[in-house]
Amino acid sequence: MALVPWLFLAPALLMFGIYVVAPIFESMAISLYDWDGLGTPKYIGLGNYVELWSDEDFFTALRNNVIWFFGFLLAIPMGLGLALLLNQEVFGIRLAKSLFFFPFVISQVVIGLVFSWFYDPTNGLLLHVMAWLGMDPIAVLSDEHLVTYGIVIAGLYPQTAYCMILYLTGLNNLRPDLIEAARLEGAKGWTMLFKIVLPQLRPATFIAVVVTIIGSLRSFDMISIMTQGGPYGQSRVLAYYMYEQALSEYGYRMGYGTAIATVLFLLMLVYIVFVLYRVYRQEQETD
Amino acid sequence: MARIQLEKVFKAYGDNPPVIRDVSLDIGTNEFCVFVGPSGCGKSTLLRMVAGLETINGGTLRIGGQPMNEVAPAQRGVAMVFQSYALFPHMTVFENMAFGLRLSKVAEPQIQKRVGDAARILQLEPFLQRLPKALSGGQRQRVAIGRAIVRQPGVFLFDEPLSNLDAALRVQTRFEIAKIHRDFGQASTIYVTHDQVEAMTLADRIVLLNSGPAVARDGSVAQFGAPLDLYHHPVNQFVAGFIGSPKMNFFAATLHSAGPELATVQLPTGETLQARVNAQALPAGAPITVGLRPEDAEVGTATQHVLRNVQWQERLGESTYLYLDSGITSDPWVVKAPGNTFARAGERVALSMPAQHLHVFDAQGLSMPRTIASHDLSLSVPASAMTPSTAASA
Amino acid sequence: MARIQLEKVFKAYGDNPPVIRDVSLDIGTNEFCVFVGPSGCGKSTLLRMVAGLETINGGTLRIGGQPMNEVAPAQRGVAMVFQSYALFPHMTVFENMAFGLRLSKVAEPQIQKRVGDAARILQLEPFLQRLPKALSGGQRQRVAIGRAIVRQPGVFLFDEPLSNLDAALRVQTRFEIAKIHRDFGQASTIYVTHDQVEAMTLADRIVLLNSGPAVARDGSVAQFGAPLDLYHHPVNQFVAGFIGSPKMNFFAATLHSAGPELATVQLPTGETLQARVNAQALPAGAPITVGLRPEDAEVGTATQHVLRNVQWQERLGESTYLYLDSGITSDPWVVKAPGNTFARAGERVALSMPAQHLHVFDAQGLSMPRTIASHDLSLSVPASAMTPSTAASA
Amino acid sequence: GDLVINTDASDPAPKAAFEALVKGFEKANPDVKVKLNTFDHEGYKTSIRNFLTAEAPDLATWYAGNRMAPFVNAGLFEDVSDVWAKEGLNDSFKSAAASMTMNGKKWGLPYTYYQWGVYYRKDVFAKLKIAEPKTWEELLKACETLKANKVTPFAIGTKATWTTGGWFDYLNMRVNGYEFHMDLTAGKVPYTDKRVEAVFDKWDQLTKPGYYLANHASYQWQEALPAFVKGEAAMYLMGNFAVAPMKEAGLKEEQLGFMQFPEITKGLPKAEDAPTDTIHIPAKAKNKVDARRFLAYMAKPEVQSEVNTILGQLPVNKNAKMPEDTYLKAGFTMLSNAYALGQFYDRDAPAEMAKAGMDGFQQYMLKPGERGAMLKRLEQVRQRVYK
Amino acid sequence: MFPTPIIQTSRPTQWLYRVGLPLALLVWLLPIIAVAFTSVRGQGDLANGNYWGLPTEWRILENYSAVFQNTPLAHYILNSFLVTIPTVIGALTLACMAGFALGVYRFKLNLVVFFLFVGGNFVPFQILMVPVRDLSLKLGLYDSIAGLALFHIAFQTGFCTFFMRNFIRDLPRELVEAARVEGASEIQIFFKVVLPLVRPAVAALSVLIFTFIWNDYFWATVLIQGNHAMPVTGGLKSLNGMWVAQWHLVSAGSIVAALPPVLIFFAMQKHFIAGLTMGATKG
Ligand SMILES: Nc1ncnc2c1ncn2[C@@H]1O[C@H](COP(=O)(O)OP(=O)(O)OP(=O)(O)O)[C@@H](O)[C@H]1O
Ligand SMILES: Nc1ncnc2c1ncn2[C@@H]1O[C@H](COP(=O)(O)OP(=O)(O)OP(=O)(O)O)[C@@H](O)[C@H]1O
Ligand SMILES: [Mg+2]
Ligand SMILES: [Mg+2]
């Protein structure tokens with residue numbers, strides 16, 4: 001009887017263990033070696049990490065991760081704003097909601113293509129808009145200072161849609177009695193939003209924060225599609241840099257790549273622990 | 001300042017048949033009015049229309065003499081206690097109670113004082129800094145009441161405030177609500193419940209609402225009156241059946257003859273009974289329904305009686321319910337007998353059905369007026385009990 | 001074959017203090033046993049241990065004489081009805097009822113027959129092909145019962161089966177459960193409830209469970225006996241207070257003198273009362289608690305009486321509850337008076353406290369034995385009522 | 001027996017070339033059955049690492065120069081010096097021999113290459129009366145004239161940074177010469193060397209006046225083509241593969257000219273970039289005998305001609321037939337007279353260095369002012385990579 | 001409800017809303033509309049820089065058939081299906097079983113195992129890249145559809161288990177207990193009681209996972225090299241290299257690649273959103 005749950009768990013645990021859990025530790029182990037993926041790995045202790053410490057590109061990537069992190073968080077208020085706009089019962093609103101959600105369903109590869117074209121300095125829409133506003137056009141994706149922001153904006157497009165859906169569901173589950181009670185007490189508009197509605201949306205906000213942060217740290221697709229890290233590596237983030245170091249045409253430094261991944265993992269671990277702690281507390285409450 | 005007047009109030013959700021039709025009530029300052037009725041009859045809807053949470057589709061609502069149909073909820077001077085309490089889960093007890101005051105920019109010392117006072121009255125002082133989730137059901141209920149009190153409203157509205165509490169707590173909180181109402185001299189209270197005991201014990205006047213087709217026929221209000229009025233003089237069979245627990249026993253009969261004070265009715269089983277009602281409006285032979293409350297019937301031959309078989313009994317100690325084969329339909333007659341009564345299934349007993357306790361309804365369910373004075377039904381404590389005497393010895 | 005025996009049964013969840021301690025019960029074939037007790041006292045736990053859904057940490061469970069501690073639920077020959085009904089939402093009524101039979105590979109015609117029979121008894125025939133979500137609460141409850149019946153178990157277990165139903169349906173289903181129990185000759189039933197009326201009306205015997213520290217002191221069982229035994233002869237103050245509604249009035253007093261049949265007690269207010277209990281085990285002057293049920297007190301001077309002020313009254317029509325200032329603590333005495341009683345707050349009334357209705361408890365809460373025979377408390381329907389007579393005339 | 005060949009010939013022309021090769025070989029050697037695996041051009045660069053170590057084919061295509069170093073060092077390629085000796089390739093493949101030699105041995109067979117050089121708009125030059133520049137000064141002059149007439153002198157797209165490598169190669173080879181360029185890519189000279197600075201001093205003369213297409217970092221090299229085709233830009237330093245799309249876009253031969261990169265340091269012998277594609281026998285191959293036969297077949301002059309005609313590139317065997325195509329012909333002549341051939345920056349320098357270098361060149365082209373910092377960084381990379 | 005229903009607001013506000021909403025929608029979807037338009041443009045529009053106006057000629061058939069005839073797009077799409085469908089089935093099967101174990105049984109390591117899945121679900125998957133690639137190589141699954149699908153199954157099992165476990169845990173425990181009393185074995189409970197009840201969750205998850213996997217790009221890049229196994233996201237990227245500046249073809253390809261998840265989203269919208277939020281709001 002005590003065995004039953006383990007039998008049901010076995011296949012999932014096996015697969016997950018082999019493909020997810022073990023590789024995490026393997027990666028950490030590989031990060032202690034110098035290995036090009038061809039010859040025999042050479043143990044160099046923390047050598048890769050020491051190198052990271054003096055690697056400008058690594059810090060550029062780290063800095064870009066920070067930009068992604070904060071920039072991406074904008075998806076949350078924007079998603080909330082959209083959700084508030086759409087949380088109505090008028091004719092056709094269901095369709096409108098799904099259309100607003102659309103970008104999330106489409107592959108990031110496609111979104112990336114669309115946005116690189118949006119930024120295109122010969123014919124992009126941005127060019128036209130800026131020209132129309134009488135500004136000098138900017139080649140966003142080849143400007144080292146703007147490029148990351150440009151990609152983040154592209155990334156925000158689907159992410160905002162995602163947050164919007166989370167908030168729409170959250171708004172759907174608002175307790176009407178609390179809203180009514182607050183209305184009787186004289187709350188409306190912003191007061192209602194900040195004092196009554198947002199606190200109730202906390203679960204939605206929490207999950208929006210979780211997926212957004214994880215999305216920002218995993219960000220890879222957009223960069224790969226839109227700039228491949230360029231110009232001269234200025235739009236790389238850790239996730240992309242590690243790929244470039246470990247597997248790209250000019251890469252094949254497995255040890256170095258995994259060292260970057262390990263750093264990324266440790267950053268994320270802080271966050272995972274926070275999430276797990278919250279889930280744990282919730283479990284305690286419901287049990 | 002807090003008299004509530006409804007005039008021909010009407011409400012329908014969308015294209016559905018009206019939920020509330022033709023409701024005219026005048027609830028005086030300091031009156032405690034209870035809405036009762038079957039589930040879905042529109043009690044909450046009516047209450048929420050008073051609160052301003054539901055639009056009024058027709059008729060006029062006045063509070064303190066002012067028309068209120070278009071006034072925002074917060075401006076009506078009403079405070080409401082919800083069945084779910086509707087406490088803001090992210091605010092402490094203090095913040096919950098102070099919320100409305102803060103929004104209306106009452107000065108902070110004033111807030112402190114008012115909340116403090118309310119907390120003292122409701123014995124919530126130790127909990128002021130707690131979140132609602134750290135309170136028991138009864139305490140939460142008190143916080144909800146506290147939040148209503150501090151705003152010193154002219155009208156208190158309660159929507160089934162006790163239905164989430166367990167039996168013991170319900171009794172206690174019922175008490176508190178009555179007390180608060182008495183202490184807040186000016187305010188009127190409307191209280192929604194489906195629990196008759198609450199209705200009977202709390203109300204100055206009860207509004208019993210119709211549901212279903214009766215709404216279209218008679219309007220939403222089945223009867224509006226003092227609790228014992230509804231108990232003793234129900235206007236129709238619906239009210240008679242709704243008020244009282246266990247339910248009044250109903251059985252078909254025909255009118256044999258009717259005088260100004262007394263009517264004679266004949267049961268399908270052949271027995272005839274006399275009832276102190278004026279049924280002269282009906283022709284002899286008219287089909288009628290007779291009603292008798294379980295607590296008004298008696299086992300024995302003290303008055304006019306019939307013989308029936310016991311189907312089953314339930315002994316609660318305090319009293320015994322006998323289920324008798326009515327001989328008319330398969331529904332048994334329920335009789336509430338003293339706790340020491342004991343009867344075996346199949347035993348035949350005499351059931352005394354006093355003429356002054358029989359209710360008679362016509363084919364439409366309308367009551368025939370009972371010909372007994374109210375004071376017959378409502379006696380003061382026996383005078384003898386009031387003579388001073390020192391502690392008794394056996 | 002379906003006698004249930006528990007011997008020193010023990011249960012603790014994890015490292016928490018024991019929930020169930022030292023429970024020894026012997027529930028006979030065809031007996032209807034009800035577990036009552038305050039919320040969280042372990043009623044469900046105990047029931048689930050019998051069902052095999054919860055492991056037993058100590059002691060022995062026997063069903064039909066066989067030790068069952070280690071036997072899988074399905075092999076115990078028990079059927080259980082859950083508070084939530086636990087109908088499989090994806091199966092029709094028929095499939096729900098046939099589920100267990102199919103699993104135990106009963107032949108299909110046999111299944112058809114058994115389910116058909118049960119459906120007939122429970123009037124579920126029109127619904128056999130419906131999904132549970134298309135049924136009303138009461139119908140679902142009946143399906144749950146049906147699923148239990150078809151397996152023809154030796155033991156029926158019910159865990160608060162009525163608590164999700166509304167009042168009227170509750171009464172009706174209570175009736176049905178009693179009937180089913182009577183019809184299934186061999187089976188024993190254990191029924192968990194926190195509703196006293198259910199317990200009193202259904203049980204052959206009641207097990208009242210302790211909760212909190214009393215479990216550690218006295219074991220889990222507070223009293224095990226016939227319903228009226230618990231009503232009339234509670235072993236301690238907890239049982240006395242738990243059984244009966246409204247609750248028994250308790251007040252502190254001291255023992256003045258004690259004889260074999262009669263004890264004299266003195267109230268803090270100075271009055272002395274006599275009680276028909278044997279309190280000889282206590283020394284004179286011992287602090288005691290006196291108990292009197294609201295329905296046993298009377299307004300008037302019929303027997304030994306005291307004078308008290310009315311605080312408040314609640315008029316239900318059928319009866320009137322008077323809340324009297326006890327003069328001892330702030331808790332009022334509750335008196336259940338006839339429905340026509342009327343008293344104003346502040347009025348002084350005589351309260352008759354018959355000696356044979358007073359309960360006395362020692363400082364530990366143990367009851368002093370009452371010196372009245374059981375048959376004094378439980379009378380058959382008066383003989384006079386049983387003389388044949390034709391329909392009465394006024 | 002069976003012969004398995006892995007190629008990156010996913011584009012139409014190479015694919016056809018290999019199919020023809022296989023057909024010819026099978027006809028000549030009826031006992032051998034060839035299986036051709038065609039990989040996606042980009043994906044092949046990673047795939048080869050996998051199949052060389054795991055399940056090796058009998059032949060695999062790759063690139064000359066430093067690009068093959070990791071595999072040679074890891075012992076994954078077969079030494080084919082014997083084939084070279086036996087077929088007399090040391091002579092007929094002389095121009096490419098150096099790029100196939102490591103540790104004194106030959107590790108594969110080069111089978112095709114193509115020239116780099118400056119493609120220019122004859123018509124635009126004619127209109128503005130510009131003669132084909134032969135020297136740096138003439139080039140600068142031409143640029144000035146073009147610029148003055150609102151024509152961008154050079155088209156380039158640096159979104160994929162390798163295009164900058166061509167510029168660096170040529171500037172370096174013309175300023176400092178082939179040997180220096182090879183020393184630099186072999187990591188023997190620091191990037192902070194004065195001679196490297198000198199290269200950038202020349203480059204400055206193009207970047208600072210804005211002689212390159214604006215926003216070049218936003219374009220792939222193909223995306224820069226329209227400017228050239230429309231005549232908005234007049235020159236394009238590119239490999240010969242650019243001719244096909246240029247023609248496709250509508251440029252006629254009378255509009256499109258080809259010239260050698262002008263001289264900078266007087267008298268310095270001119271070396272050219274000519275990336276070479278190669279084919280190797282993996283060390284773990286199963287059928288090395290037939291693989292060698294295939295190499296021998298592939299080296300034949302007539303086979304070289306046939307294949308390269310299909311490829312639209314130059315045969316490596318000097319005995320092969322001269323191509324017909326105008327630009328190839330020009331290239332052939334140029335390369336035949338070249339002092340030496342470079343493979344291209346990203347094949348001559350190790351991968352990591354190449355990546356950093358090309359990123360750096362792109363940065364420089366966008367921000368000429370940052371060249372000092374950029375070179376310092378390249379020097380750091382160099383010290384790490386070549387240690 | 002919040003915000004105030006628009007019907008209860010003043011006339012002008014209502015009109016503003018009714019006009020503003022479609023406008024906002026238009027702006028929001030502009031990138032996608034532009035792609036859709038471009039996918040039917042002719043070369044002429046592109047040469048003239050007409051990227052954002054209405055197409056002057058509608059070359060629907062030409063462009064789309066060009067995309068299919070001259071490139072392996074159809075093959076890429078087939079690959080995507082071959083990866084996605086087994087992944088959905090596999091991950092859900094594993095997750096149903098694991099979710100059942102974690103949701104129904106109380107055992108010591110329950111929470112630990114659960115956290116393993118939740119935590120694993122959140123790791124940056126770059127850290128798995130090198131080892132997973134090596135593992136696939138060793139198993140001979142590198143550059144194969146099976147290899148990619150197996151990895152996706154394993155990784156998605158984390159998320160699906162998290163989701164299923166929460167869903168199963170919210171089922172009334174009594175159902176399992178009732179089945180047990182009725183004599184069902186644990187396997188029977190799984191198949192006859194729990195599985196039928198988790199159908200909504202399965203539906204929600206399968207739609208969601210379908211889109212996730214269909215849109216995966218990273219793992220396609222890491223684990224697949226050749227066209228023979230490349231799913232459509234990766235394929236589109238390589239086509240993008242081939243179709244430089246041929247925006248009409250890029251757009252047509254993008255539209256084709258985006259179509260399956262979009263169709264699924266519209267067909268199964270309810271499930272899709274349930275999937276996003278049900279599993280999520282539990283976190
Ligand atoms: N927003 C609404 N839209 C449509 N119908 C509604 C709405 N709110 C309530 N109703 C209907 O109006 C009727 C009255 O509802 P209401 O809540 O006032 O009943 P109630 O008397 O309070 O019932 P209960 O005792 O169950 O609380 C019901 O039939 C209900 O279905
Ligand atoms: N799985 C469990 N783990 C730990 N404690 C438990 C568990 N199940 C029940 N308990 C505790 O055991 C005690 C008895 O619970 P049980 O459900 O038997 O009470 P009950 O008498 O049925 O209460 P109620 O009338 O509220 O249903 C409670 O204090 C409860 O908190
Ligand atoms: Mg209601
Ligand atoms: Mg329980």
Side-chain angles (χ1 to χ4, degrees), chain B residues 39 166-168 171 178 197 200-201 227-228 231-232 243-247 270-274 293 295 299-301 303-307 312 314-319 321 336-337 339-343 347-350 352 355 377-382 384-389 391-394, chain C residues 39 166-168 171 175 178 197 200-201 227-228 231-232 243-247 270-274 293 295 299-301 303-307 312 314-319 321 337 339-343 347-350 352 355 377-382 384-389 391-394:
Chain B
S39 182
D166 69 25
V171 172
V197 176
M200 298 295 286
T201 55
L228 288 186
Y231 181 81
H232 291 301
I243 302 282
S245 166
K247 228 177 121 180
E271 293 123 327
T272 57
L273 291 170
Q274 296 200 303
R293 296 195 184 276
E295 59 268 25
V299 173
T301 52
T303 68
Q304 56 179 351
H305 56 277
V306 298
L307 291 179
W312 180 242
E314 287 181 348
R315 305 198 67 204
L316 304 183
E318 173 226 344
S319 54
Y321 289 112
K336 187 173 181 184
N340 55 5
T341 312
F342 181 89
E347 238 170 58
R348 200 167 176 79
V349 300
S352 175
L377 300 167
S378 181
L379 299 173
S380 285
V381 169
S384 63
M386 300 183 70
T387 52
S389 88
S393 57
Chain C
S39 182
D166 70 26
V171 172
F175 238 73
V197 176
M200 299 294 285
T201 55
L228 290 185
Y231 182 81
H232 292 301
I243 302 284
S245 167
K247 225 176 121 178
E271 291 123 328
T272 58
L273 293 171
Q274 293 199 307
R293 295 194 184 278
E295 61 268 26
V299 173
T301 52
T303 67
Q304 59 179 348
H305 56 276
V306 297
L307 292 179
W312 179 245
E314 287 180 350
R315 304 197 69 203
L316 304 183
E318 173 226 346
S319 52
Y321 289 111
N340 56 5
T341 311
F342 181 89
E347 240 171 57
R348 201 164 174 80
V349 301
S352 182
L377 300 166
S378 178
L379 298 173
S380 285
V381 170
S384 64
M386 301 181 69
T387 54
S389 89
S393 57

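Each chain gets a letter, A, B and so on, in the order its sequence line appears, and its residues count up from 1.
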Choice from C/G244, C/G317, C/S245 maximising heavy atom contacts with chain B below 4.5 Å: C/G317
Turns out that what part of C/A178 lies under 4.5 Å from chain B's heavy atoms comes down to side chain
Given a strict heavy-atom distance threshold of 4.5 Å, which part of B/K247 is in contact with chain C: side chain, backbone, both, or neither? neither
Tightest non-hydrogen contact, residues B/L316 and C/L228, listed as C-CD2, 4.4 Å
Give, as side chain, backbone, both or neither, the part of C/F175 having an atom under 4.5 angstrom from any heavy atom of chain B. side chain
Counting distance only, does the side-chain N/O of B/Y231 pair as donor-acceptor with the main-chain N or O of C/E318 below 3.5 Å? yes
If I take atom CD from residue B/E314 and atom CE from residue C/M200, how far apart are they, to the nearest 0.5 angstrom? 11.0 Å
Quick check on B/S319 against chain C: is it the side chain, the backbone, both or neither that has a heavy atom closer than 4.5 Å? neither
